[in-house]
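Single-structure report; data block below.
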2 protein chains.
Amino acid sequence: MYSLSEENYLKAIYHLSNHGQDSVNTNAIAEEMKTAPASVSDMIRKLSKKKLVDYQKYRGVNISTKGKDIALKVIRKHRLWEVFLVEKLNFHWDEVHEIAEQLEHIQSPVLISKLDEFLDFPKHDPHGDPIPDDDGNFATVKKEPLSEIEEGKSCKVVAVNDSNSAFLKYLDKVGISIGTSIHINERIEFDGSMEITLNKEKSLTISQIAAQNLLVTTA
Amino acid sequence: MYSLSEENYLKAIYHLSNHGQDSVNTNAIAEEMKTAPASVSDMIRKLSKKKLVDYQKYRGVNISTKGKDIALKVIRKHRLWEVFLVEKLNFHWDEVHEIAEQLEHIQSPVLISKLDEFLDFPKHDPHGDPIPDDDGNFATVKKEPLSEIEEGKSCKVVAVNDSNSAFLKYLDKVGISIGTSIHINERIEFDGSMEITLNKEKSLTISQIAAQNLLVTTA
DNA sequence: TATACTTTTTAGATATGGCTAAAAAAAACA
DNA sequence: TGTTTTTTTTAGCCATATCTAAAAAGTATA
Ligand SMILES: [Mn+2]
Ligand SMILES: [Mn+2]
Ligand SMILES: [Mn+2]
Ligand SMILES: [Mn+2]
């Protein structure tokens, strides 16, 4: 139905638009897609003609309902395949993103519904991200970067940035995974790093960069 | 490494060449690929430049060792995915070919070796076709079309033509599957149809077309 | 508000993979 | 062995998805 490129652009625009809320700049899309801004202009015109985005020249794009539907279907496939790769094929969570980037474009609704069933209808992917259902609905947990949590508070890791394999390897090494509880012992103002305790057992210091990529819930 | 189109052409050429033995005509490739002969000429020139086929104008093509390697890797992936779809996702054997045509192009050697292991190293796909190992080797069983078997002889179904879904549905209806034993009671000269008995139980008449698409062994 | 800077679009390429119609070569046949 | 038919290639298109360089529009600033 839609080309691999169109699907990737819609997914990028959806992500950048904060779940479809905000309008998105050409340069931001270009950076996300690792293409030249000129290429983005061309593709936007094409997506606009197909009513997948709303577009006025020089004004950025807003993803349409139709465009959002497509993006969410691709995201659903990506995350289901990631679950398959980790749960069934014993891949590690830092190895699955690139393969899922390919698998997410396989066209077959029945394949996805059977895969969903085979995986026992998972609600989250290996990185803690929610898996939309066939209608694009998914549970939203209020999550924020660990870097935003105040000193002395506790929280729980609910999601991580899956596209950075080095980050995931680092999390393994220090013993952080989805579900780990974290207590913030101290915030170091100087460089934004934090001294934290994991599962009331092990203490360590993590950098601001790492803290910004760890999504936690305080609920 | 190689494009989806290049992989599909190599697979087609490999199939038409009788496992790499014979040279293949432009028109035959065009028919197999459902493209215009002119498009085949273009692609052949490209494959030839990459040393994936040997080619002299107007003389047809021969697949090279390198080309055969690629074709066999694609075939391996196609058949492993078909096993996955049938064994794990409960697809029926007449539903998997189109999906496998997409999945066979996913690029990740480790994915395939993990899938192979997950499926417990199958040697044949759901249609009886052998699955090449990572080096392209596979067991060859001497098989011939049922239409070639003489009256009064017995044989066993070892493979079927998986790309014809209607044929597979027909086989289900009459009760023929991989492993079914067949006795040829009578060959009708007039139209090439045959009266046969399945597993020494059920007798029926099948057309010449059907008999040509059923591959059996007499060993 | 005029000028400078940034962002975005357009113009004009390239590469891939497809097409039809016409030309050329090979094969069949009379 | 000519002549006709078939097969294959070439010529000249089109569409998609990229790119760089230049132009245009929008934004910021003095
Ligand atoms: Mn991912
Ligand atoms: Mn993920
Ligand atoms: Mn198949
Ligand atoms: Mn098969």
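Source: prediction; values computed, not measured. In what follows, every heavy atom counts, from backbone to side chain, and hydrogens, waters and symmetry copies are set aside. Lettering follows sequence order; numbering is per chain, from 1.
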Short side-chain N/O contact to C:dT7 OP1/OP2 from A:Lys57, under 4.0 Å = no
Taking atom C1' of D:dT16 as reference, at what distance in whole Å does atom CG of A:Leu4 sit?
-> 12 Å
Less than 4.0 Å between a side-chain N and a carboxylate O, is that true for B:Arg45 and B:Asp42?
-> yes
Atom-pair distance (CZ on A:Arg45; P on C:dT8), nearest Å | 16 Å
From the list B:Asn161, B:Asp162, B:Leu168, side-chain contact (heavy atoms from CB on, under 4.5 Å) with B:Asn164 holds only for B:Asn161
note: B:Glu31, atom CD; D:dT7, atom C1'; distance rounded to Å ~ 14 Å
Measuring from B:Glu87:CD to B:Leu80:CG, what's the distance to the nearest 0.5 Å?
-> 11.5 Å
Side-chain N,O (A:Ser41) to OP1/OP2 (C:dT10) below 4.0 Å | no
Atom-to-atom span, CD1 of A:Ile29 to P of C:dT7 - whole angstrom | 14 Å
According to a strict under-4.0 Å criterion, is A:Asn27 in side-chain N/O contact with OP1 or OP2 of C:dT6?
-> no
Distance, rounded to the nearest Å, where B:Tyr55 contributes OH and D:dT10 contributes P | 6 Å
Between the protein and nucleotides 18-23 of chain D, list the N/O to N/O atom pairs that are separated by less than 3.5 angstrom.
{"residue": "D:dT18", "atom": "OP1", "partner": "A:Ser5", "partner atom": "OG", "Å": "2.7"}
{"residue": "D:dC19", "atom": "OP2", "partner": "A:Ala36", "partner atom": "N", "Å": "2.9"}
{"residue": "D:dC19", "atom": "OP2", "partner": "A:Ser39", "partner atom": "OG", "Å": "2.3"}

CD-OG distance between A:Glu101 and B:Ser108, expressed to the nearest 0.5 angstrom | 13.5 Å
Could you state the CZ-P distance from A:Arg59 to D:dA25, rounded to the nearest angstrom?
-> 13 Å
OP1 or OP2 of C:dT7 under 4.0 Å from side-chain N/O of A:Asn25 = no
Of B:Lys73, B:Lys11, B:Lys77, B:Arg76, which is the lone residue that meets side chain to side chain donor-acceptor pair (under 3.5 Å) with B:Glu104?
-> B:Lys11
First locate atom CD1 of A:Ile206, then atom CD1 of A:Ile196, and finally report the distance between them rounded to the nearest 0.5 Å.
-> 4.0 Å
